[in-house]
Amino acid sequence: MPELPEVEIVRQSLNKKIKGEVIKKVLVKNRNLRFKIPHNFEQKIKNKKIKKVDRFSKHLIIIFEDNSCCLVHLGMSGTIHLISKIEKSTLTNTSFYHSPQLPKKHNHIEIKFNKFNLIYNDPRRFGYLLIFNHKNDLKKKFDNFGPEPFYSTFNADYISNYFKNKKKNIKNFLIDQKFVSGIGNIYASEILFLCKIVPGKKAKNLTFNDCKKLSYFSKLVLNKAIKKGGSSIRDFKNTFGNLGSFQKNFNVYQRENLKCLKLSCKGIIKKKIISNRSSFFCNICQK
DNA sequence: AAGAGGCCCTGATAGC
DNA sequence: TGCTATCAGGGCCTCT
């Protein structure tokens, strides 16, 4: 669920808090993530000073003063928590993304700073952390990634060229990081709704105007989501603090069998499984 | 090469 | 109450 907007929200708040801070101690409680945390992880980042927190696509990039860096991917369920040492009793100084307080289970890593501790939690272990000796080494890692929706290169020309002879459906391309970086399952449905394109449509059958709309609405949806602090789905019943609100702006996601929100459209939102992933769309205004 | 599908993993929820 | 089945989905992998 952390797609580009959620990761950007984490980046912004994290950057504010840990920029300039020095890592005093690192404790790894569980090394099992998508990639096993190597045993020299602790030693590699200890005593390093944080220069800034960057982001590419759904990746956080913690850059140190010596230009080495730590790449963090939250996967499906990764969350980052900052626990103030002064307010230790409450354990809830600041939480990022969708967890209001420090969970009891699945706290994989604890990084101690002077005034607070940073916790990486990940129940489903689809996330990972990787150390790079120099930030320039990241270029290789991101070699196969397409542009972010915000890049000027993600335009109608690029899209229509890419889609020539492509038989796969448009929905699958929107979540394919080789084509465009940062869009996940939720925003893909929302973008296609605004474009009035059905998710199952073959990419090669899109018009140039469709490609223009894809470029435009991808930027629009992600920008709006960032402005709203991202989307907090799942446990937003009992959460507080830095939660996002974009889930309130969903037009189609998780709205199966409800009325289409487009004025004057009498359509019903349908759910269709495409490549094992749910897609939501209006049965009338999306063609 | 492109595309389809499997798999990793745990927690929430539905149904009996 | 407690069991099982299903779903959530990012990304990597294999197979055709």
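Reckoned from all heavy atoms, side chains included, excluding hydrogens, waters and symmetry mates.
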Exercise for review: Can you pull out how bent the helix from dA2(B)-dT16(C) to dC16(B)-dG2(C) is, comparing the axes over its first five and last five pairs, to 10°?
Suggested key: 50°
Check your understanding: Listed by chain and number, what are the side chain to side chain donor-acceptor pair (under 3.5 Å) partners of Ser275(A), not counting sequence neighbours?
Key -> Asn172(A)
Point to revise | OP1 or OP2 of dG10(C) under 4.0 Å from side-chain N/O of His73(A) | key: no
Grab the N/O contacts between the protein and nucleotides 2-4 of chain C below 3.5 Å, and write none if there aren't any.
none

Exercise for review: Taking only Lys NZ, Arg NE, NH1 and NH2, and the carboxylate oxygens of Asp or Glu, determine whether Asp54(A) and Lys135(A) approach each other closer than 4.0 Å.
Suggested key: no
Point to revise | Nearest-Å distance for atom pair CG/C1', residues Asp176(A) and dG11(C) | key: 10 Å
Point to revise | Those residues that, when tested against Glu42(A), pass salt bridge (charged side-chain N to carboxylate O under 4.0 Å, His left out) (two or more places apart) | key: Arg31(A)
Review point. Quick one: Asp122(A) CG to dG11(B) P, roughly how many Å, whole number?
Key: 11 Å
Exercise for review: Taking atom NZ of Lys141(A) as the centre, report whether more than 12 heavy atoms of other residues, nucleotides or ligands fall under 6.0 Å from it.
Suggested key: yes
Study note, to complete from the structure: To the nearest angstrom, the CZ-P distance between Arg124(A) and dC9(B) comes to 12 Å
Check your understanding: Knowing that exactly one of Tyr162(A), Phe145(A), Phe179(A) qualifies, which makes a ring-ring contact (aromatic ring centres under 6.0 Å, His included) with Phe154(A)?
Key -> Phe179(A)
Review point. Under 4.0 angstrom, heavy atoms only, what part of the nucleic acid is Lys271(A) near: base, sugar-phosphate, or nothing?
Key: sugar-phosphate
Review point. Can Thr207(A) and Asn209(A) be counted as having a side-chain donor-acceptor contact under 3.5 angstrom?
Key: no
Review point. Counting heavy atoms not belonging to Lys201(A), are there more than 12 under 6.0 Å from its NZ?
Key: yes
Review point. How many Å lie between CD1 on Ile186(A) and P on dG10(C), as a whole number?
Key: 7 Å
Check your understanding: Whole Å only: how far is the CD atom of Gln247(A) from the P atom of dA8(C)?
Key -> 18 Å
Point to revise | 4.5 Å side-chain heavy-atom contact, Tyr187(A) and Leu174(A) | key: no
Practice item. Give a yes/no answer on whether the side chain of His59(A) brings an N or O atom under 4.0 Å of OP1 or OP2 in dG10(C). Key: no
Check your understanding: Roughly how many Å is it from CD in Gln254(A) to C1' in dA8(C), rounded to a whole number?
Key -> 9 Å
**Study point:** Asn185(A) side chain to Lys171(A) side chain, donor-acceptor N/O pair below 3.5 angstrom
**Key:** yes
**Study point:** dG11(B) OP1/OP2 closer than 4.0 Å to side-chain N/O of Lys105(A)
**Key:** yes
Exercise for review: Compare side-chain N and O positions of Gln177(A) against OP1 and OP2 of dG10(C) and report whether any pair is under 4.0 Å apart.
Suggested key: no
Point to revise | Between dC9(B) (C1') and Phe35(A) (CZ): distance, integer Å | key: 15 Å
Check your understanding: Taking atom P of dC9(B) as reference, at what distance in whole Å does atom CG of Asn32(A) sit?
Key -> 9 Å
Practice item. Under the side chain to side chain donor-acceptor pair (under 3.5 Å) rule, what do Tyr151(A) and Ser181(A) come out as? Steps first, then yes or no, please. Key: CA-CA 10 Å; Tyr151(A) 294 3; Ser181(A) 295; over 6 Å; no
**Study point:** Protein proximity profile, nucleotides 2-8 of chain B - base contact B, sugar-phosphate-only contact S, no contact -, cut-off 4.0 Å on heavy atoms
**Key:** SSS-S-B
Revision key, fill the gap. Residues passing the side chain to side chain donor-acceptor pair (under 3.5 Å) test with Lys51(A), sequence neighbours excluded, are Asn67(A)
Check your understanding: Side chains of Lys44(A) and Asn133(A): do they bring a donor and an acceptor to under 3.5 Å?
Key -> yes
